[in-house]
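Please read the structure below before turning to the comments.
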Amino acid sequence: MSIVFREQRARLEGHCGVEEAESLHAWMLEQTAPEVDLSACEHLHTAVLQVLLVARPSLVVLPPGGFLGQHLGQLLAARARGPARVVQAADDQEREPR
Amino acid sequence: MSTRSSSATDPLMEQFLLESREQLQRASQGLLELEDQPDDLDRVDGIFREVHTVKGSTGLFEMPALTRLVHAGEQLLQAMKSGELSIDGETIDLALAMVDRVLEWLDALEVSGDLPRGATEQGAELAERIERHIREPGDAVAANPEGAAGNATAEEADGADDLLRQPPQALKAFAPATLRQLFRQAMDGGRREALLLGYHPDREAFFEGEDPLALLAEVPELHALMVEEPDDWGETETFDPYCCRLAFHALSLAEPETLEAGFARAGGQLTTSRLAPAALVCLQGESGGTAVAGDLLDEARAALEQGDSDRLERVITTGRELLGEELFLRDGLEWLAVIESAPGVATCWSEEILAALREERQPDFAGLAGIGSAGAAAPETPAEGGGLFAEADAGGGLFADPQPSQRVEARPDHTDPEEPGDAAGGLFPDAPGVPEASSRESENGAGSRLQGRDADRGEVVRAGRGNDSARNRAATRRQSHAQVRLDQLDRLGELVGELVVARNGLPHLARQAEKEHENRDLAREIKSQGALIERVTRELQRAVSDVQMQPVSTTFQRYRRMVRDLARKLEKDVELVLEGEDTEADRDVIEALVDPLTHLVRNSLDHGIESAAERRAADKPERARLLLRARYTGDWLNIDVEDDGRGLDAEVIGRKAVDRGIIDEAEMAELDEEERRRLIFAPGFSTSDAVSDVSGRGVGMDAVQNAVRDLGGRLELASTPGEGTRTTLVLPLSMAVNKVMEVDIHGHPVGIPVSSVVEISRVSTERIEAVRDQRVVVLREQVIPVLDLHAALGIPAPEEGDGLSNLVVVRHGEQLLALEVDRVLEDRDVVVKPLEGILAGNPAFSGSALLGDGRILLILDLRGLVR
């Protein structure tokens, strides 16, 4: 599992475990408009979810399918104080960030 | 907190206070009754509605603390309704605590326009307690070694009915479209049962190595997932991601056993509810669209009745165009579309949706045909039954929820020029006829083919709880009552009284006309008008008196709560039985009864009724019985307070009286059992433990007795040691206008309340004897003390007598007294006004009355005289 931080975007790949929660949170606090790219994320720990809920990223990119793709979107989008935007990566989309 | 105008100047607040008080009092009563009958779902529903209404009203005023607390109470009741929470003592306690607190706050609002100090904190604390109780009834298990599944509470079959009546609150966390999709899936699968999961991990779950999200990811056939966050995450800087503060709600079509197996090793709390597809129907949204609602719903109804799918299609399309997605009505139409497009539905389901939309409530599917899930009872409708649109594509077209971009704001006067046959005005054209359904293809390609539905329709069971029109009637029925302010009622009473007195002046005028002015005709006219006025006035008096009459039930019901709370505190099991609640008496009399009755009830509970152990030892049923009964005997109102407790032991009482120095041994020896029991009424009999919070004043039974006597009544006592005690309050039915007997005492007119007069006797003066400085007379073998009113009033007695004494024998309480007067005159109706000025302190008089001829009548106060 890894998190790659590039400019204002954090990209989570593979399984994002509980130990990543704190560093992700700290990083998000330092950004003005943090974006979180989950398109290559297979699973994230509940602790990481809490970070996403509290820290309010301005953009979340969801994986095209799977548990996260299907349910996290609903979960995040339905909140009144959710991320400003939630988009879903398409299957054929370039996985690498710009 | 900003100051608001007090209710005196704010009619909206006044209305809110009035209505909310009533609603909360009804809720409180309902809760007490519910405790005895926890299965009474209608009652829970009723209580819920009352609290719900109050909550809605609080929204008019900016009082978040109040809204929050009532909202918590509403949630508690919601949980009770859906069966999530069992209706036990603790739950009822919390609900009552909420009601009590809010009632207190309403009082504060009435006086000052503001909530009391500390309201926000107290309210929040209670609200949190309630919320905690809803989540974790009983003791929360932090780390359950058996796993969360050990805590799983699956709904029983009868709980399923609750879910059909009102959707579980948690469903509202899900998007309506999600619920509809799940519904459709469940129905397509043969009416499968859905599972609603609530999963609340422990705070330390992560430290236990758990990942709740991973567990949820493993749930088979997970249809939807929602997360519940804490109200307040706190400061982002102090946020601790390792403390799990989330709860989850999920919907799945999996088997409960599979699910529970998955959660077997997890900590935290897991609740599962099994939902028949119809239980998923959870209407959400805001009020609105009322301008078009009537037409739309009527059209929909007609379409259903005729089995006309095209017509229904038009209703739904129109609804989508006119109504915003956020509207309740729109949501209902979307559900209608889904239901009618699903296999295995019955017409009554849709009818119930329409009824629910009309009444702005959730649909209640309990008991409707074919409503259970296939796993439960066998479906009543034939498997091939279905909605009007049953064969339409599930994936798209008319019956999929439209994309958000298609939303259109409500525009009530919209008319679509594309609609065939649209008239220039009006929403729905008079449909000339239904086009051949089987050959028609709609423009959006989804196809709506009328299945051989018409033929089937006659066989579809139209079971339902009632038809629309009955419900409409109920909804539009207005209360045939009016609210009247008590001070207005008092004023009416006063005015009637004054009218009565004024009427009394007419005979005098007539006499004057005849005697002084020698005008017989005028006298006759006056008399005849007077008679007419008298007749009308008596009617008016009766009418106002009837308005003043109130059934004792309002007072009796207060005791339910008191008995319940006190019995719980004393750890006694007491059943309160109320009889004769419909008995009516004057409002003032009833009000005045409250203190004495309260004292008597407390007495019974405290001292009369034994502990459970004592009762068992005495071979009595553990459940004690306390009876409050109201009945008429002639012109009197009788209120009994009766218990099946230990009764009054004359010996014990006698000894206590001697100990207290009320009487000495010798006197005690002369008293019979009955008289000894009555010693409890002696002042000074009760100890300080009877200075309860009843009213802070008065001590013991003598206070009760005085109160009753002041009302012109008396107390009766009956008791059997070991079996119980009955105390009876005997009271006059009305207090407003008094009948007094006018007597003359050396030219001074004095009034004696007629209700106290026992008899009038003219005896030879010799019969009045003196016994130890007290003059007495023997009448009908009773020795009655005689009181010479001249002396009592400080008026010189007439010098010579004619050897005869006029005695008016009166009863005050249990005591008889003979009043010596000069002449006995007529009975009069008077309005007694309190004495003012120097006369006010005179104990002999209770008030004065203005006579029709301008004279003033002093009204005797028998209590003052007796002393």
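Atoms considered below: every heavy atom in the structure, side chains included; atoms not considered: hydrogens, waters and symmetry mates. Every chain is numbered from 1 and lettered A, B, ... according to where its sequence line falls, protein lines coming before strand lines.
Residue Phe248(B) touches chain A through its side chain alone, counting heavy-atom pairs closer than 4.5 Å. Contacts between Ala214(B) and chain A at a heavy-atom distance below 4.5 Å involve backbone atoms as well as side-chain atoms. Heavy atoms closer than 4.5 Å to chain A are found in both the backbone and the side chain of Ala224(B). Of the atoms belonging to His25(A), it is side-chain heavy atoms, and not backbone ones, that fall under 4.5 Å from chain B. For Leu24(A), no part sits under 4.5 Å from any heavy atom of chain B, backbone or side chain.
Nearest heavy atom pair, residue Pro241(B) against residue Ala21(A), reads CB-CB, 4.0 Å. Closest approach of Thr46(A) and Leu213(B) over heavy atoms only: OG1-N, 2.9 Å. Nearest heavy atoms, Val18(A) versus Tyr242(B): O-CE2, 3.2 Å. Nearest heavy-atom pair across His71(A) and Leu225(B) is ND1-N, 3.8 Å.
The closest donor-acceptor contact from the side chain of Gln50(A) to the backbone of Cys243(B) lies under 3.5 Å.
Remark: Leu216(B) CG to Leu49(A) CG distance equals 10.0 Å, nearest 0.5 Å. Phe206(B) contributes atom CZ, which lies 12.5 Å from atom CD of Glu19(A) (distance to the nearest 0.5 angstrom).
If you tally non-hydrogen atom pairs under 4.5 Å between each of Pro201(B), Ala205(B), Cys244(B) and chain A, the highest count goes to Cys244(B).
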